[in-house]
Amino acid sequence: MMLKDTYCGDLRAAHDGQRVRLAGWVHRRRDHGGLIFIDLRDSKGIVQVVLSPNEPAAHAAAHRSRIEWVLAIEGVVRRRSAETLNPKMETGEIEVVPLSCTVLAEAQTPPFYINESADVEEQLRVKFRYLDLRRPEAAAWIRKRHEVVRFIREYLYALDFTEIETPTLIKSTPEGARDFLVPSRMRPGTFFALPQSPQILKQLLMVAGFEKYFQLARCYRDEDFRANRVAEHTQLDLEMSFVEPEDVMALIEALYTAIAEKFVPGAIQWQPFPRLDYQDCMARYGIDRPDLRYGLAFVDIGAAVGDSSFQVFANAFAAGGEAKAIRIPGKADMTRKEIDELTEVARSGGAKGLAYIGFAAELRSPIAKFLTPDEIEAIRASTGAQQGDLVVIVADQPAIVARSLFAVRDFIGDKLGLKDPSVLAFTWVTGFPLLEWHPDEGRWDATHNPFSGFHEEDRPLLDSDPGAVIAKQYDLVLNGVEIGGGSVRITNRADQAKVLTLMNHSPEAQQERFGVILDALEYGAPPMGGVGMGIERLMMALFNIGHIRDVTAFPKMSSGLDPMFGAPSEVDLAQIEELGLRLAPAPA
RNA sequence: GGCCCCGUGGUGUAGCGGCCUAACAUGUCACCCUGUCAAGGUGAAGAUCGGCAGUUCGAAUCUGCUCGGGGUCGCCA
């Protein structure tokens, strides 16, 4: 029989008079000498326990106990008198009067507060994560993640998806991110890799005929961390047979709409999710993951100032560049300091400067004297600027304009509070190029992954202009965060080989690295497509969580270290020798 | 690898050349206290200011290096 029959946090006025057995942690203790109040905490919440000297044994135990000790209490639930109600507590209408109080475990004073939400040094929190997670707010995100994941599973089960686990010890295919390697003892000198994603495996499951597969897959990439990126993360990995991009997008859109409606009702800003073409997206937002919670799209003012003699514009055009503007409504009166700040932001993206025109009662612009009145009017008209608006302009190479104006737009979005935290702006981005040229390496590379399919009408371009081939690729973006993406795959060996050849893989290398999937495509591969959706990023975007650590039960530091276990760590020499390895001398 | 920021009792902060024999809050410990709920009162303990080197008559404070942490760019098919 369990030591408890009731959760502290579940107690309500309806339990008045009931005899209950509770167990939990001392959250707070108020010892009046005579009466002792203990706030007892368990996984469901906190309830007040009142100990009077009338029960000397229980009273003594309570007197001895300290914060975070573990107690078992048998007692009677009692309604509180009117003047002692505590409306701040969910259980504040009642309290528990113990008949007995047993100390199940004593506890050291914790290294940081568990009963207050104070900012504690990250490393300390991570090192004592098992204490950090006692904080109800911290535990709540982990439970919330469970609920979201459970929702996803049940949703997909109902649609007849089969959940299948794939190996975490696979073959290294060094492409893109660095692999984590695992040395093999059975064959010294050889290595497994941890999967960066189960991409090839899920395609093989389609070849195997499962038709609808998913799993919540751990993915490993040995790259530097960011606030929303760590070495190991979980993705909803899903693949379907006999689909076109629309089918996969429809499924994911329905699933994500259902998730949003359940967990953040009414928050979706645009329905159905807007579709942005990659080229158009880059032209308007300078990034392939735009935050659509607010406007401030770029306007090309090339037509307005194409013949301008103003050197900045003329030079940019002469060098094949462009000029684009953002209209900031009502900000013509921005202070000099704020404009300098914006200019600095633009420079961080590579722009040489930031031109601006404030359409106040009097024109406010250091560049006005270089422009004709017609040109200024053309800028005003093309940007749709009204009286009181500020127009900022960058003229440079397209890549620099995109980066600079993206930085400016993003900065203004934060500065003016345009990123409404209560809103979910989903958007699809499609129409990505299949390949991009890497000048350093002198080869084409897949923009997403080498298995993405392409549109049949682009087939001739594979020979004549590979960069113009459009992939059957789709990314889902939420509030400026890429929360997932996928594609309909190449399912014919010749096409797959052709793409790999463009990526500069010799036939031998193709067979060595991708032989399994290439061979499999020769045994009747169905048309297939799928997605990989980041679970942590979904959680963060959905609930406005600032750091990926908050949705991870046992996170690592951004250095990739685990301060709790002290991993990674050295191992016994014997272990290394058994693996047929020898350590090189430490680099000087 | 580049750049920016941070490191002071258990925790969170203040101090930014001498007034520091390092302050405040909270926690901890002891005693008092029968209606508190961030309980209250009285008292006590607790830091050589991340480390090393330097500048200076004098360094928590200035400089350099280093270690650790956070962010960002590169990187992340």
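In what follows, chains carry the letters A, B, and so on, assigned in the order in which the sequence lines appear, proteins first and then strands, with residues in each chain numbered from 1.
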Starting at [atom1] of [X] and ending at [atom2] of [N], how long is that distance when rounded to a whole Å?
X	N	atom1	atom2	value
A:N228	B:G70	CG	C1'	15 Å
A:K88	B:A39	NZ	C1'	11 Å
A:R28	B:A39	CZ	C1'	11 Å
A:I38	B:U34	CD1	P	17 Å
A:R29	B:G27	CZ	P	12 Å
A:R178	B:C75	CZ	C1'	7 Å
A:R78	B:U36	CZ	P	14 Å
A:I67	B:U26	CD1	P	14 Å

Watson-Crick/G-U partner (both atom distances under 3.5 Å) of [N]:
N	value
B:U28	B:A44
B:C65	B:G51
B:C20	none
B:C33	none
B:C3	B:G71

| said: For a quick test of reading the model, state the closest non-hydrogen atom pair linking A:A217 to A:D237 and the distance between them. | reply: CB-CB, 4.2 Å
| Does a donor on one side chain and an acceptor on the other come within less than 3.5 Å for A:T501 and A:Q510? | yes
Heavy atoms only, 4.0 Å cut-off, all strands: where does [X] land among base, sugar-phosphate and nothing?
X	answer
A:M557	sugar-phosphate
A:L85	base
A:E95	base
A:S52	nothing
A:H547	sugar-phosphate
A:D222	nothing
A:I36	nothing

| said: Does atom NZ (A:K127) have a neighbourhood of more than 12 heavy atoms from anything else shown, all under 6.0 Å? | reply: no
Using the [atom1] atom as the reference point in each nucleotide, state the distance between [N] and [M] in Å, no decimals.
N	M	atom1	answer
B:A25	B:U42	P	12 Å
B:U61	B:C20	C1'	11 Å
B:G68	B:G51	P	15 Å
B:G50	B:G9	C1'	15 Å
B:A77	B:A39	P	50 Å
B:A47	B:C57	P	32 Å
B:A59	B:C49	C1'	11 Å
B:G18	B:U34	P	50 Å

Tell me if the side-chain of [X] makes a donor-acceptor pair with the base of [N], cut-off 3.5 Å, by modelled atom types.
X	N	value
A:R80	B:C37	yes
A:E122	B:G68	no
A:S197	B:A77	yes
A:E121	B:U11	no

| request: Give a yes/no verdict on base stacking between B:A39 and A:H32: centres under 5.5 Å, planes within less than 30° of parallel. | output: yes
| With centres under 5.5 Å and planes under 30° as the test, does A:F112 stack with B:U11? | no
| query | How would you list, by chain and number, every residue that makes a ring pair (Phe, Tyr, Trp, His ring centres under 6.0 Å) with A:H15, sequence neighbours excluded? | reply | none
| task | Return the 5'-most residue of the pair A:R226, A:L561 with respect to RNA chain B, ranking by each residue's nearest nucleotide. | result | A:L561
| task | For A:R229 and for A:L35, locate the closest nucleotide of RNA chain B by heavy-atom distance; then report the residue assigned to the nucleotide nearer the 5' terminus. | result | A:L35
[X] side chain: which of [options] is closest?
X	options	answer
A:V120	B:G12, B:A30, B:U36	B:G12
A:N449	B:A77, B:C37, B:C76	B:A77
A:Q123	B:G68, B:U36, B:A77	B:G68
A:P450	B:A77, B:A30, B:C37	B:A77
A:D39	B:U34, B:C37, B:C76	B:C37
A:Y113	B:G10, B:A39, B:G1	B:G10
A:A177	B:U28, B:G12, B:C76	B:C76

Side-chain N or O of [X] less than 4.0 angstrom from OP1 or OP2 on [N]?
X	N	answer
A:S348	B:C73	no
A:R66	B:A30	yes
A:S558	B:G71	yes
A:R30	B:U36	no

| message | Would you call the rings of A:F451 and A:F514 parallel, tilted or perpendicular, taking 30° and 60° as the class edges? | response | perpendicular
| task | Determine the sole option in A:W428, A:Y474, A:F432 for which the ring-ring contact (aromatic ring centres under 6.0 Å, His included) test with A:Y278 is passed. | result | A:F432
| task | Step by step, work out the salt bridge (Lys or Arg N to Asp or Glu O under 4.0 Å) result for A:E239 and A:R489. | result | CA-CA 10 Å; A:E239 195 80 2; A:R489 322 296 178 188; 2.7 Å; yes
| task | Measure centre to centre between the rings of A:Y220 and A:H233, then say whether the value is under 6.0 Å. | result | no
| task | May I have the step-by-step check of side chain to side chain contact (heavy atoms under 4.5 Å, CB included) for A:I114 and A:R41, ending in yes or no? | result | CA-CA 11 Å; A:I114 287 165; A:R41 183 191 70 237; 3.6 Å; yes
| field | Donor-acceptor pair, side chain of A:D340 and main chain of A:T343, under 3.5 angstrom | value | no
